[in-house]
Amino acid sequence: MGDADDRAHVERVLRADNGDRHARAERLEQGPLLFEIEAEGVDASHGSRRSRPRGKGASMASERPAVVSIQDLAKHVGTEVVLQGWLYNKRSSGKLHFLEVRDGSGITQCVMAKADVGEDVFVAADGLQQEASLRVSGKVVAHPKREGVYELQATGFELVAAPSEAYPITKKEHGPDFLMDHRHLWLRSKRQHAIMRVRHTIVTAIREFFDDRGFTLIDAPIFTPSACEGTSTLFETDYHGQPAYLTQSGQLYMEAAAAAFGKAYCFGPTFRAEKSKTRRHLAEFWMVEPEVAFTDLEGVMDLAEDFICHIVGRVLERRRPELAELERDVAALEKIQKPFPRVTYTDAVNLVAEERAKLEAASEAPRLEWGNDFGAEDETLLAKRFDRPVMVHRWPEEVKAFYMKRDPADPRLALGVDVIAPEGYGEVIGGGQREESLEVLDAAIQKHGLPMDAFEWYRDIRKYGGFPHGGFGLGLERMVSWMCGLGHVRETIPFPRMLNRLSP
RNA sequence: UCCAGCUUAGCUCAGUCGGUAGAGCAGGCGGCUGUUAACCGCCGGGUCGAAGGUUCGAGUCCUUCAGCUGGAGCCA
């Protein structure tokens, strides 16, 4: 091997750091570890244009370069800093390396000139592989070609650890299955990074919204003794000898919480065992479910509208760079303003029929008849009519859960509402007003063939001071998918659980 | 569960009419002082998803199975 010397050098630098963990920690506190390079007999500052001397004895602790985050580079222009991170990509010419380094806060380019760092350091840097962990020191300067972009003029580096084999995710394209098998590594890439940060901001916005409006966080249990709604397929587990199911909704518990706290919400994982294989489904997803005492369907719709506007506003306010990275059409998100159109289910069925008539090619999807739930295509056709979410309310009671309140004006209808996002992102919210009469509720439980004894505690909510109330559930991943403009929800959760995927 | 498509190098993919395997990236070596999936030259790398069948001959045609992807249903 012709590069044996290079490798030996790199490993020496590495060993010099690993020799003593205590010494290492101490040096870490003091500042950068460029001394290893010098200890090898190479002066990393040789030929440097920097005027400030870096003598070991002379420099005070405060003069040593500070470790900074890449996102804060702009605050340190003109000063010597140290970056700690991983090599994202490397481009090189004979006497100049461009090391793209990511540190979790961002990615920046470290320009290393042979004349600045000397032969040995330059050759060692040439041997760096993708995802090598390292510390790079250098002066923060403005990018010569890009406005508002900063880069590092490298003066030295320390290899923390070299990859033991080639990084599997290369610069070229990969298929979804390969990437999902390497999800733990895929999260390091720019695109996934942007999505996770949008998700984080949405989660923060959700908590902010409810916390600022007097809601109390009351988390629902994950193990439940029976199906909450009696519709979905649930994951069954063995709970000390008796069957238990992973929750499909915290809603019934939130009704109890609303009676205790007035306004409550839960926010946690939810599980569905249906064998769904579409771009909108996960076996494990996160749902936020607010429930409000003394409100009605109109109040639920007002809340949902304000809620979505708040989330969209926060994403636009805080995640512009991430949306740009994802090439999201921001103009479509900026149109998401109150008021949202509110159409009854009956009107919506007619609108879908109108849209379908406009289609040139006959669709294979079954035609939507009054009394049926919307299919995915129906939702998209309806959403096409509007540039903001559309709220479809007053559904046929047969397609809604047993706890929905009947419309006093038309007993065929339930006071439920679905919020359908624009651009084909489908249902992001489902909710409505709940039945408060014990008598009507009992009849509904019986009609749906549900075991009465499993709902004794739930019936108590009506027994002891029944009250008008309502709420809704929002699927976090569908919201993230919509905000990011993604084609599939699997990228919206760090480690997706799907029909054919349980790992990593 | 049903319908459709895909499966060839570590990765992404070509592979014509059935005639015995190709490119780019990644890896290795060399070159290049402002690169942006950098670029240029060279090198190594294959049980063509599995089994069976048709044929002188199968990556290519047929059957079955498996895996993956998308869609339907169900839902957030």
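Computed from heavy atoms alone, side chains included, the values below leave out hydrogens, waters and symmetry copies. Residue numbers start from 1 in every chain, and the chains themselves are labelled A, B, ... in the order their sequence lines are given, proteins ahead of strands. Predicted, not measured: the structure shown is a model, and the values here were computed from it.
Remark: the separation of the P atoms in C6(B) and U63(B) is 14 Å, to the nearest Å. Comparing the same atom, C1', in A51(B) and in G67(B) gives a spacing of 15 Å after rounding to whole Å. Between G45(B) and A23(B), the distance separating the two P atoms is 13 Å to the nearest Å. Comparing the P positions of C68(B) and G34(B) gives a spacing of 49 Å, expressed to the nearest Å. For the C1' atoms, the distance from G15(B) to U7(B) is 15 Å, rounded to whole Å. Between the C1' atoms of U1(B) and G57(B), the separation comes to 42 Å (whole Å). Across the P atoms, U12(B) and G70(B) are found 15 Å apart, a figure rounded to whole Å. The separation of G27(B) from G59(B), taken at their P atoms, amounts to 32 Å, rounded to a whole angstrom.
Contact annotation: side chain of Lys277(A) to base of U69(B), donor-acceptor pair present below 3.5 Å. Scanning atom types as modelled, no donor and acceptor separated by under 3.5 angstrom connect the side chain of Gln130(A) and the base of G27(B). Side-chain atoms of Ser276(A) come within donor-acceptor range of the base of C74(B), with a qualifying N/O pair under 3.5 Å. One N or O donor and one acceptor, one from the side chain of Arg478(A) and one from the base of C75(B), sit under 3.5 Å apart. You won't find any donor-acceptor pair under 3.5 Å spanning the side chain of His97(A) and the base of U33(B), going by distance alone. Within 3.5 Å, no donor on the side chain of Glu100(A) pairs with an acceptor on the base of U36(B), nor the reverse.
Residues in residues 394-404 of chain A take part in these salt bridge (charged side-chain N to carboxylate O under 4.0 Å, His left out) pairs, two or more places apart or across chains: Glu298(A)-Arg394(A), Arg394(A)-Asp407(A), Glu397(A)-Arg406(A), Glu397(A)-Lys447(A), Lys400(A)-Asp418(A).
Contact annotation for Asp418(A): no contact, since no heavy-atom pair falls under 4.0 Å across all strands. Glu477(A) comes within 4.0 angstrom of nothing in the nucleic acid, heavy atoms only. Contact annotation for Glu151(A): base contact, defined as any heavy-atom pair under 4.0 Å involving a base atom. Counting any heavy atom pair closer than 4.0 Å across all strands shown, Ser92(A) reaches a base atom. Using a 4.0 Å heavy-atom distance criterion, Ile429(A) is classed as a sugar-phosphate-only contact. Residue contacts shown for His182(A) are absent, as no nucleic acid heavy atom lies under 4.0 Å away.
The Arg91(A) side chain lies nearest to U35(B) when the options are U33(B), U35(B), G34(B). Here the side chain of Thr278(A) is nearest to one of C75(B), C68(B), G73(B), namely G73(B). The side chain of Leu96(A) lies closest to G34(B) when the candidates are C75(B), G34(B), A72(B).
For an aromatic pair to be called close, the ring centres must be under 6.0 Å apart, and Phe271(A) with Tyr245(A) fails this. Aromatic rings of Phe455(A) and Phe402(A) (six-membered ring for Trp) have centroids within the 6.0 Å cut-off, being under it.
Judged by Watson-Crick or G-U wobble contacts below 3.5 Å, the nucleotide C13(B) has G22(B) as its partner. Base pairing of A37(B) is not made with any nucleotide, judged by Watson-Crick or G-U wobble geometry with both donor-acceptor distances under 3.5 Å. Under the Watson-Crick or G-U wobble criterion, with both distances below 3.5 Å, G57(B) has no partner in any strand shown. Base pairing of G73(B): no nucleotide in any strand meets the Watson-Crick or G-U wobble criterion (both distances under 3.5 Å). The nucleotide A66(B) finds its pairing partner in U7(B), both defining distances of the Watson-Crick or G-U wobble pair being shorter than 3.5 Å.
For the pair Lys275(A) NZ and A72(B) C1', the interatomic distance rounds to 16 Å; values are reported in whole Å. Across the protein-nucleic acid pair, Arg280(A) atom CZ and C74(B) atom P stand 11 Å apart, rounded to whole Å. In this structure, Lys95(A) places its NZ atom 6 Å from P of C32(B), rounding to the nearest Å. Separating the OH atom of Tyr88(A) from the P atom of A37(B) is a distance of 11 Å, rounded to the nearest angstrom. In this structure, Arg146(A) places its CZ atom 11 Å from P of U35(B), rounding to the nearest Å. Separating the CH2 atom of Trp395(A) from the P atom of A76(B) is a distance of 10 Å, rounded to the nearest angstrom. Whole-Å rounding puts the Leu234(A) CG to A76(B) P distance at 12 Å. Atom pair Leu246(A):CG and A76(B):C1' shows a separation of 17 Å (rounding to whole Å applied).
The side chain of Lys145(A) places an N or O atom within less than 4.0 Å of a non-bridging phosphate oxygen (OP1 or OP2) of U35(B). At C68(B), none of the side-chain N or O atoms of Arg490(A) fall inside 4.0 Å of OP1 or OP2 (strictly under the cut-off). Taking side-chain N and O atoms only, Gln129(A) has a distance below 4.0 Å to OP1 or OP2 of G28(B). OP1 or OP2 of C68(B) has at least one side-chain nitrogen or oxygen of Asn500(A) nearer than 4.0 Å.
Annotation for Tyr253(A) and Ala220(A): closest pair CB-CB, 4.2 Å, computed over non-hydrogen atoms. Of all non-hydrogen atoms in Asp219(A) and Met254(A), the two that sit nearest each other are C-CE, 4.5 Å.
Here the side chains of Val349(A) and Phe374(A) are in contact, with some heavy-atom distance below 4.5 Å.
Checking Met180(A) against Leu499(A), the closest nucleotide of RNA chain B that is more toward the 5' end is the one next to Leu499(A). Heavy-atom distances to RNA chain B give each of Phe374(A) and Arg501(A) a nearest nucleotide, and the one nearer the 5′ end belongs to Arg501(A).
Once the 5.5 Å centre distance and the 30° plane angle are applied, the aromatic ring of Phe285(A) is found stacked with the base of A76(B).
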Every protein N/O lying under 3.5 Å from an N/O of nucleotides 8-13 of chain B:
from   : atom 1 : to        : atom 2 : distance (Å)
C11(B) : O2'    : Glu173(A) : O      : 3.3
C11(B) : O2'    : His174(A) : ND1    : 2.3
U12(B) : OP1    : Gly175(A) : N      : 3.1
U12(B) : O4'    : Glu173(A) : O      : 3.0

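Both cation-pi conditions hold for Arg213(A) and Phe209(A): the charged atom is under 6.0 angstrom from the six-membered ring centre and inside a 45 degree cone around its axis.
With no hydrogens or angles considered, no side-chain donor-acceptor pair links Gln129(A) and Tyr167(A) at under 3.5 Å. Under 3.5 Å, the side chains of Tyr403(A) and Gln251(A) contain a donor-acceptor pair of N or O atoms.
For Arg478(A), there are no side-chain hydrogen bond (donor to acceptor under 3.5 Å, both in side chains) partners, not counting sequence neighbours.
Using a cutoff of 4.0 Å between basic side-chain nitrogens and carboxylate oxygens, Asp302(A) and Lys338(A) are not scored as salt-bridged.
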